[in-house]
2 protein chains.
Amino acid sequence: MKEYVNQPHYLVAVDCIVFGFDDGQLKILLVKRGLEPEINKWSLMGGFVGAEETPDEAANRVLKKLTGLEGVYLELLNIYGEPDRDPIERTLSVGYFALIDIHKYETQLIDNYHAEWFPINEIPKLIFDHNRMVAEARKKLKFKASLHPILFEMLPKKFTIPQLQTLFEQVNDTKMDTGNFSRKVTSTGLLIRLEEKDKSNSKKGAYYFKLNKKSYAESFNDLLSL
Amino acid sequence: MKEYVNQPHYLVAVDCIVFGFDDGQLKILLVKRGLEPEINKWSLMGGFVGAEETPDEAANRVLKKLTGLEGVYLELLNIYGEPDRDPIERTLSVGYFALIDIHKYETQLIDNYHAEWFPINEIPKLIFDHNRMVAEARKKLKFKASLHPILFEMLPKKFTIPQLQTLFEQVNDTKMDTGNFSRKVTSTGLLIRLEEKDKSNSKKGAYYFKLNKKSYAESFNDLLSL
DNA sequence: ACAAAAGTGTTTTCTATACACCCATGA
DNA sequence: TCATGGGTGTATAGAAAACACTTTTGT
């Protein structure tokens, strides 16, 4: 037990990189920081890890406070622990990235925090090392999505294949053939076609699909390249 | 600044899951814990994060202390933060997995810590949540290795293709065709064949290869499925 | 009728897999 | 010489990529 004595103790925070997809663009949710230092600067949404919770739970709590959403897709990104990253006091931050359906969050809460969605390529200067966190999150999202069908987490319940394709293209920073994409994605068995069509982007209209939740759940056990 | 007041502070530790490959087996390095509680039980090698270092640096320091090695492949695994995971005092632990060339560590140091290599399928009961960490590390290694050529980190400078194949099979818990494996791996451009052969496993002998360091470095920018 | 997005058909290329078979050599 | 692991050759199947072309319907 002696070794525990005199070891330094630190503040531990969580910061969330919240991804959403809207209007054909991959976006990130940022808040105007409400406390000193750097008050009123843009920042990631975060909070301290409380005495009775794990970092995961803290991230979920923060996310719920900001968006009203529960059961959000959350994944550990990295630990940020430069001794001087927070000028007030040493704080280790656990970074998480979250994928949410951008149309489901509660506007009221967002307003309370003076939060705004920023297109991924138009992120402003953020406090501390938050810009680095965003860059790493983007990269990790890309790798993760190459083996796991997680991007559906950012789409509404009903979505079209062209919509899904745009999201893929945004995440991977690439263009792909529409015909091949359509076939590839329908062949996975993850999608169920609905009768309804979305005619907002073409006269012909694109069928809406929904996730096949059973296949989706199972796919998380496997390596699946989509 | 007011918000920083009265936030709880915690101990922050690192724990390393050290993988090595020897005798055709994937192994993990464990130590006999030297402090209370649970003294003399098997455990991962760990230590507290010092005031002047990041968790990464702490992990590197711990690893050097144990093996004498520097510049080891280290990657964040997860953060373990159950409020009661350490019975003495709340301690958050940052788990790392490390890949080392098992023949390069310094025996003397290992002896000092009463450390031993355990085949991956014969891990004893460990303290706290360390068994869970090992399980997660194994899974993460598999996923990571499916897109990045990191397994070379566990091989000596000179290695044969059958050796590499055995390592792959161990990590992925599978068997593959020797002919196809050989072609696949040589076609990546990551390997340079040497003149020398290893005749310890066959009369014909298997060529030694070394890493093409340039291609190897570049490959880390891409998604590469090996 | 026209234009433009959606998505199907078709061809070609590439990769993965299976497996027969040759190679080298110590015992 | 023969048994054995190390590899190459080859044939086939399946996936990916490229792209022509049809379908639909608001204008």
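Chain naming here is simple, since letters A, B, ... match the order of the sequence lines and numbering starts at 1 in each.
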Rounded to whole Å, please give me the gap between [atom1] in [X] and [atom2] in [N].
X: Phe209(B); N: dG6(D); atom1: CZ; atom2: P; answer: 12 Å
X: Asp177(A); N: dC21(D); atom1: CG; atom2: P; answer: 15 Å
X: Met176(B); N: dG5(D); atom1: CE; atom2: P; answer: 19 Å
X: Asn180(A); N: dG9(C); atom1: CG; atom2: P; answer: 14 Å
X: Lys184(A); N: dG14(D); atom1: NZ; atom2: P; answer: 18 Å
X: Phe181(A); N: dA16(D); atom1: CZ; atom2: C1'; answer: 14 Å
X: Leu164(B); N: dG7(D); atom1: CG; atom2: C1'; answer: 15 Å
X: Arg183(A); N: dC19(D); atom1: CZ; atom2: C1'; answer: 10 Å

Ring centroid separation for His148(A) and Phe143(B), is it under 6.0 angstrom?
-> yes
Could you verify whether a donor N or O on one side chain and an acceptor N or O on the other, from Asp198(B) and Thr160(B), lie under 3.5 Å apart?
-> no
Looking only at side chains, do Glu82(A) and Tyr80(A) share a donor and an acceptor under 3.5 Å apart?
-> no
Would the number of heavy atoms belonging to other residues, nucleotides or ligands and lying under 6.0 Å from NZ of Lys64(B) be above 12?
-> no
Does Lys197(B) NZ have over 12 foreign heavy atoms under 6.0 Å away?
-> yes
Could you tell me whether Arg61(A) and Glu57(A) make a salt bridge, using a distance below 4.0 angstrom between a side-chain N and a carboxylate O?
-> no
Specify the residues of residues 192-208 of chain A, ordered by number, for which at least one heavy atom lies under 4.0 angstrom from an atom of DNA chain D.
-> Lys199(A), Lys203(A), Lys204(A)
